[in-house]
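Written below as structure tokens is the structure these notes are about.
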Amino acid sequence: MLAFYLPPDVGLATDAARRAGFRAISLLYSLVTGGLGVLIWCFLPAPHDVSASAISRGPGEDAFAALRRPIVWA
């Protein structure tokens, strides 16, 4: 993918051309990831089997529960 932004002989590429290529690739991957996230958020149905207690807990509580497990630190 980066080859599209560089000259045929990579040794002749300037630093500015390399930076522009890396920037374009980073933006492309960021846009694809963000776009897929929006599509999943819009079109993926919500699960119906989630208990009310799991919804009422915040993500921080689950993170602290995971960090308290010894296997995480092994």
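Please read all numbers here as calculations on a predicted model, not as lab measurements.
For Val38, the side chain to side chain contact (heavy atoms under 4.5 Å, CB included) criterion is met by Cys42, not counting sequence neighbours.
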Please output the side-chain donor-acceptor pairs of residues 64-74 that fall under 3.5 Å, not counting sequence neighbours, one pair per line with the distance.
{"unit_1": "Trp73", "atom_1": "NE1", "unit_2": "Leu67", "atom_2": "O", "d": "2.6"}

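Listed by chain and number, the hydrophobic cluster partners of Ile40 are Leu44, where partners are ILVMFWY side chains within reach of under 4.5 Å, directly or through others.
With rounding to the nearest 0.5 angstrom, the CZ atom of Arg19 is 13.5 Å from the OG atom of Ser26.
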